[in-house]
Amino acid sequence: MTVSPERVDRPRRVYLDHAATSWPKLPAAVEAAFRFVQECGATTGRGSYRSAQTAQTWLSDARLALAKLVHAPNSACVAFCTSGTHALNAALCGWLQPGDHVLTTAIEHNSLLRPLSSIALRSAQVTPSSSAVESTLRERMLNFSIAPCDERGFVSPESIANLIQPNTRLIAVGHASNVTGTVQPLAEIAEIARRQEAKFLVDASQTLGYLPLDVQAMGIDLLAAAGHKGLRALPGTGVLVVAPDMQSRLQPVLTGGTGTASELIDAIAPWPLSVEVGNLNLPGIVSLAIAARQADTSQSWRPLLEQLQAGLREMSGVRMFGSGSAASIPVASLTVDGWDNHDLANVLDANFGIETRAGLHCAAKIHDCIGSTATGGTLRISLGHDSTGEDVESVLTALREIIG
């Protein structure tokens with residue numbers, strides 16, 4: 001195909017990057033957040049006047065809605081964050097101690113791997129002056145292991161069990177890969193954690209709002225997730241769900257104003273104030289309350305994903321990555337022979353109005369396992385709740401025209 005300059009009569013927007021963030025956001029959630037800003041605008045824990053009480057009611061409603069959505073023991077298990085990344089940092093930095101070993105996987109997003117690596121590096125940044133000190137420091141260093149995945153992006157429970165160490169205190173796993181869409185066997189991994197007496201942290205940023213989640217049935221001790229993807233709440237929202245037996249032991253990542261014990265300058269960290277420090281993003285939390293109550297985990301998007309996968313499989317020169325099974329989220333990753341992924345994404349956008357994402361997708365480790373490192377990653381097409389059959393056919397038609 002000879003690619004023409006960008007068309008003057010730009011075609012309709014076809015948004016297919018829902019794994020990054022959903023668009024459009026849930027209308028009812030956006031409307032509720034707007035009304036809150038216009039009609040209330042107060043914060044929580046800073047006053048007893050009527051609008052402050054209204055804000056507190058929204059906060060309580062949001063906790064309850066999220067707790068019901070993920071089947072948490074009660075609404076007190078829920079803390080609100082500014083993002084999935086914030087939630088993961090709060091979980092990792094709040095729970096881990098010197099000398100711990102953490103087991104994670106190659107599918108993980110940098111929002112999990114980078115804070116984990118940072119904690120490990122900080123624990124090692126002391127220069128020993130004697131062999132005795134060096135031995136003590138080694139015992140106090142946090143370290144972590146990364147279990148590989150297969151070419152589908154699937155992490156077998158056996159690969160995790162094989163890396164268990166006596167001091168493994170946490171197993172941290174993404175519910176689904178943001179690159180291949182493959183869903184991980186959480187129940188089996190949770191059983192490994194239980195046998196080790198380790199805690200189980202799950203990053204559900206890619207699955208919350210797309211797949212059913214039950215933290216109790218799945219054996220999840222800490223659940224971190226973004227609110228702006230499958231839930232379709234506003235950006236700047238995240239959630240951390242923590243089992244009751246861990247809440248009092250979670251150390252704060254940030255300290256500051258909480259609206260309580262103002263006479264003290266010492267940090268106070270009763271749950272959930274160990275996470276919810278400073279003024280909360282109330283408009284975002286309002287949107288989360290509505291989004292959680294209206295969450296659709298029926299997987300009504302699955303026929304569209306199957307339509308997309310079937311069309312891609314018919315194309316010459318297209319290599320697909322992922323399971324192609326029912327155990328997936330609405331993500332398709334691919335490469336096209338003779339095309340740079342970024343160039344392909346640019347042509348889809350400029351000539352067809354189709355918005356996708358190219359590259360490593362902030363998850364470099366998985367590409368070594370699935371064989372896409374040499375191509376600089378993949379072109380990712382990710383569907384959402386508002387995607388249509390017309391959207392799918394548009395990208396398939398465009399790729400057929402480009403490939404020729």
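Since the model is a prediction, treat every value here as computed from it, not as a measurement.
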Q: Do V202 and T207 touch side chain to side chain, with heavy atoms closer than 4.5 Å?
A: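 The answer is no; the side chains never approach within 4.5 Å.
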
Q: For T104 and A172, indicate whether the former's side chain and the latter's backbone hold a donor-acceptor pair under 3.5 Å.
A: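 It does hold such a pair.
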
Q: Shortest non-hydrogen contact from A193 to F200?
A: CB-CB, 4.2 Å

Q: Indicate the atoms forming the closest heavy-atom contact of P115 with L92, along with that distance.
A: CG-CD1, 3.9 Å

Q: A cation-pi test, strictly: NZ or CZ of R249 under 6.0 Å from the centre of the six-membered ring of W95 and no more than 45 degrees from its axis. Yes or no?
A: no

Q: Do the charged groups of E108 and R114 touch, with an N to O distance under 4.0 Å?
A: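 Answer for the salt bridge query: no.
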
Q: Is a side-chain donor or acceptor of W271 paired with a backbone partner of A76 at a separation under 3.5 angstrom?
A: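 Yes, the answer is positive, given that a donor and an acceptor are paired below the 3.5 Å cut-off.
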
Q: Between the main-chain N or O of R380 and the side-chain N or O of R357, is there a donor-acceptor pair closer than 3.5 Å?
A: no

Q: Side-chain contact test, heavy atoms from C-beta onward, threshold under 4.5 Å: evaluate it for I402 versus V336 and give yes or no.
A: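 I402 does not reach V336 side chain to side chain.
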
Q: Is the backbone N or O of L163 less than 3.5 Å from a side-chain atom of Q165, with the two atoms forming a donor-acceptor pair by type?
A: no

Q: Can you see which heavy atom on V395 is nearest to which on I354, and at what distance?
A: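 That would be CA-CD1, 3.6 Å.
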
Q: Determine the minimum heavy-atom distance between I107 and G153, stating which atoms define it.
A: CG2-O, 3.5 Å

Q: Measuring only between side-chain heavy atoms, which start at C-beta, is T82 closer than 4.5 Å to L280?
A: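 No; the side chains remain at least 4.5 Å from each other.
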
Q: Restricting to salt bridge (charged side-chain N to carboxylate O under 4.0 Å, His left out), what partner residues turn up for R194, sequence neighbours left out?
A: E191

Q: Just by distance, do the side chain of Q196 and the backbone of P166 share a donor-acceptor pair under 3.5 Å?
A: yes

Q: Let me confirm one number: the OG1-CG distance from T43 to N279, rounded to the nearest 0.5 Å.
A: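 The OG1 atom of T43 sits 4.0 Å away from the CG atom of N279.
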
Q: Is there a donor-acceptor contact under 3.5 Å from the side chain of T54 to the main chain of R50?
A: yes

Q: Between V215 and P73, which heavy-atom pair has the shortest distance, and what is it?
A: CG2-CD, 4.5 Å

Q: The test is salt bridge (Lys or Arg N to Asp or Glu O under 4.0 Å); show your working for R13 and D349 and say whether it passes.
A: CA-CA 9 Å; R13 181 187 187 189; D349 179 31; over 6 Å; no

Q: Once rounded to the nearest 0.5 Å, what's the spacing between atom SG of C77 and atom CE of M246?
A: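 So the gap between those two atoms works out to 11.5 Å.
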
Q: Would you check if there is a donor-acceptor pair between the side chains of S22 and H18 at a distance under 3.5 Å?
A: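 Their side chains do not contain a donor-acceptor pair, so the 3.5 Å distance test is not met.
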
Q: Could you tell me whether the side chain of L208 reaches within less than 4.5 Å of the side chain of V70, counting heavy atoms only?
A: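 In contact.
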
Q: Applying ring-ring contact (aromatic ring centres under 6.0 Å, His included) to F321 and H367, what does each step give before you reach the verdict?
A: CA-CA 10 Å; F321 301 85; H367 295 278; 7.9 Å; no

Q: Between CZ of R302 and CD of Q299, what distance do you get to the nearest 0.5 Å?
A: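 With rounding to 0.5 Å, CZ (R302) is 4.5 Å from CD (Q299).
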
Q: Between I192 and I171, is the side chain to side chain contact (heavy atoms under 4.5 Å, CB included) condition met? List the steps.
A: CA-CA 9 Å; I192 295 169; I171 298 177; 4.2 Å; yes

Q: Does a donor on one side chain sit under 3.5 Å from an acceptor on the other, for H101 and S145?
A: yes

Q: Could you list the residues that satisfy side-chain contact (heavy atoms from CB on, under 4.5 Å) with P185, not counting sequence neighbours?
A: F154, P157, E188, I189

Q: Checking the side chain of T388 only, and the main-chain atoms of D391 only, is there a donor and an acceptor separated by less than 3.5 Å?
A: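 At least one qualifying donor-acceptor pair exists.
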
Q: For a quick test of reading the model, state the closest non-hydrogen atom pair linking A345 to L379 and the distance between them.
A: CB-CD1, 3.7 Å

Q: Charged N to carboxylate O under 4.0 angstrom, K25 versus E31?
A: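 Salt bridge absent between K25 and E31.
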
Q: What residue among S394, S387, P330 forms side-chain contact (heavy atoms from CB on, under 4.5 Å) with L16?
A: S387

Q: If you look only at distance, which donor and acceptor atoms sit under 3.5 Å apart when one is on a side chain in residues 285-292 and the other is two or more places apart or in another chain?
A:
{"residue": "S287", "atom": "OG", "partner": "L234", "partner atom": "N", "Å": "3.1"}
{"residue": "S287", "atom": "OG", "partner": "G284", "partner atom": "O", "Å": "2.6"}

Q: Within this structure, what is the CG-OG1 distance for the pair L112 and T85, rounded to the nearest 0.5 Å?
A: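 That separation rounds to 9.5 Å.
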
Q: Would you mind listing every salt bridge (charged side-chain N to carboxylate O under 4.0 Å, His left out) that reaches into residues 215-237, with sequence neighbours excluded?
A: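 Sorted pair list: R232-D386.
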
Q: Could you check L121 against I119 for side chain to side chain contact (heavy atoms under 4.5 Å, CB included), going step by step and ending with a plain yes or no?
A: CA-CA 5 Å; L121 285 172; I119 297 168; over 6 Å; no

Q: Tell me, please, which residues at least two apart from N346 pass side-chain contact (heavy atoms from CB on, under 4.5 Å).
A: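 Per chain and number, N346 pairs via side-chain contact (heavy atoms from CB on, under 4.5 Å) with no residue.
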
Q: Rounded to the nearest 0.5 Å, what separates atom CD1 in I329 from atom CD in Q206?
A: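 Output value for this atom pair is 4.5 Å.
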
Q: Donor-acceptor pair, distance only, cut-off 3.5 Å: does the side chain of S156 make one with the backbone of S159?
A: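 Between the backbone of S159 and the side chain of S156 there is a qualifying donor-acceptor contact (under 3.5 Å).
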
Q: I'd like to check S118 versus R122 (side-chain heavy atoms, cut-off strictly below 4.5 Å). Are they in contact?
A: yes

Q: Is H361 reaching over with its side chain to a backbone N or O of A363, donor-acceptor style, under 3.5 angstrom?
A: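 Pair absent, no side-chain N/O of H361 close to backbone of A363.
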
Q: Quick one: does V275's side chain get under 4.5 Å of L254's, heavy atoms only?
A: no

Q: Is there side-chain contact between L103 and I164, with heavy atoms separated by less than 4.5 Å?
A: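 The answer is yes, as the side chains (C-beta and beyond) meet within the 4.5 Å cut-off.
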
Q: Testing the 3.5 Å rule here: is there a donor-acceptor pair between the side chains of H228 and T21?
A: yes

Q: Assess whether side chain to side chain contact (heavy atoms under 4.5 Å, CB included) is satisfied between L308 and L396, documenting all intermediate values.
A: CA-CA 7 Å; L308 175 62; L396 292 174; 3.9 Å; yes

Q: Could you give the distance from OG1 (T378) to CG (L360), rounded to the nearest 0.5 Å?
A: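 Output value for this atom pair is 8.0 Å.
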
Q: H175: what forms a ring pair (Phe, Tyr, Trp, His ring centres under 6.0 Å) with it, not counting sequence neighbours?
A: none

Q: Within the distance-only criterion (no hydrogens, no angle test), does the side chain of S274 pair as donor or acceptor with the backbone N or O of Q251 below 3.5 angstrom?
A: no

Q: Passes side chain to side chain contact (heavy atoms under 4.5 Å, CB included), L305 versus S328? Steps please.
A: CA-CA 10 Å; L305 178 62; S328 65; 3.6 Å; yes

Q: Counting C-beta onward and ignoring hydrogens, is there a side-chain heavy-atom pair between K365 and H109 closer than 4.5 Å?
A: no

